[in-house]
Amino acid sequence: MKRPQRFKRLLKSDKTIETSESNEYHKARTALSSKSSTIKPKTKVKAQSQFRTQFDSISITHHLFLEESTILPPDFFQIDALDLAPLLLGKYLRRDDVVLQITEVEAYRPNDSACHGRFGVTARTAPVFGPGGHAYVYLCYGLHTMLNVVADKEGIGAAVLIRSCAPVSGLETIQQRRGMASEKPVLLSGPGKIGQALGISTEWSNHPLFTPGGLELLDGPKPEKILIGPRVGIEYASPEHVSALWRFAIADTPWISAPKNTLRPSEASITDSEKPSMEDKGGEGKKGVD
DNA sequence: GAAAAGATTAAA
DNA sequence: TTAATCTTTTCC
């Protein structure tokens, strides 16, 4: 079969990435082994081949979307964060040679006791109250840069936290920024890891995601099934917001952060939340079941 | 001006 | 289970 020229080029570059990845991987592995011998080379090689298999199986889909390089327009973001959050699943984040596919998100909204906007407009949270489509980046625990996508119209404090992604391209750069040679979900599952992999700092806060250059948000395939559950790490919030099911994830991917046991298929979860008669008053899954 | 807390991560 | 690490926000 004949493929368009652009598609050929992409395949070629993909192959180049994989080849150089193999070399770089060997170098990285050698360097890492000299520093610490905690991980056995045998394990690494196995993991590498697993990733390559997965990468190949999904690359066609990625190429079809990335070939068009469709940057999502500003209008796409001018909606409630609760509606925007699941729409971001499957979309791509791109910076330079690094492309990540969004696999897990959380919605933060107006009148939400867990939202950074709860204290009003401040120097840090000003972007949250701006028009949708910009980044909101903040430092967490003095260590981690967290990437959010600002939602809704100007004046409304709402955003969507990017919690996890799957690698699409630029694996070497991702591994270098993360400081690890892994290609398993530990590489990108967790909000702090996304900021690190994209190499962004708080200076990127308020950066527009709908203009070419810098950090971009591109259209991507809509996931077939999604999971929903309560948000992570917000125990300080009011009970209604702690239990709100505003966390969303792609159902059939390993690229999801912990805890995973609080996520349920969306249909079942919605049904449960609408049935107070069931014993879910205290918030199920709060304590680790696994 | 001081103090507490945090949308977390990696290692023990 | 716990240390790391520093900005933001609040309180006196």
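Because only heavy atoms are used, hydrogens play no part in the values below, and waters and symmetry mates are left out as well, while side chains stay in. Because the structure is predicted, anything quoted here is derived from the model rather than measured. Every chain is numbered from 1 and lettered A, B, ... according to where its sequence line falls, protein lines coming before strand lines.
- Using a 4.0 Å heavy-atom distance criterion, A/T122 is classed as a sugar-phosphate-only contact.
- Note that the OG1 atom of A/T70 and the CG atom of A/L218 stand 7.5 Å from one another [nearest 0.5 Å].
- Between the CD atom in A/E240 and the CG atom in A/D112 there is a gap of 9.0 Å [rounded to 0.5 Å].
- By the 30° and 60° cut-offs, the orientation of the rings of A/F210 relative to A/F77 is tilted.
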Watson-Crick and G-U pairing of DNA chain C written in dot-bracket, each distance under 3.5 angstrom, with | for inter-strand partners: ||||.||||||.
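- Under the side-chain hydrogen bond (donor to acceptor under 3.5 Å, both in side chains) criterion, A/S189 pairs with no residue at all, not counting sequence neighbours.
- Here the range on DNA chain C touched by chain A, meaning any atom under 4.0 Å from one of its heavy atoms, is C/dA4 to C/dT10.
- For A/H116 and A/Y138, the gap between ring centers is short of 6.0 Å.
- Using a 4.0 Å cut-off between a side-chain N of Lys or Arg and a carboxylate O of Asp or Glu, A/R247 and A/E104 qualify as a salt bridge.
- Side-chain atoms of A/S257 and A/R163 form a donor-acceptor pair, as typed in the model, at a separation below 3.5 Å.
- A ring pair (Phe, Tyr, Trp, His ring centres under 6.0 Å) check over residues 168-207 of chain A, counting only residues at least two apart or in different chains, returns the pairs A/W204-A/H207.
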Readout for nucleotides 4-12 of chain B: B = base within 4.0 Å of protein heavy atom, S = sugar-phosphate only, - = neither; 5' to 3' it is --BBBSS--
Exercise answer: donor-acceptor pairs, residues 143-150 of chain A side-chain atoms, under 3.5 Å, sequence neighbours excluded:
residue, atom, partner, partner atom, Å
A/T145, OG1, A/I200, O, 3.4
A/N148, ND2, A/Y136, O, 3.2

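- Salt-bridge annotation for A/D80 and A/R109: present, with a side-chain N of the basic residue lying under 4.0 Å from a carboxylate O of the acidic one.
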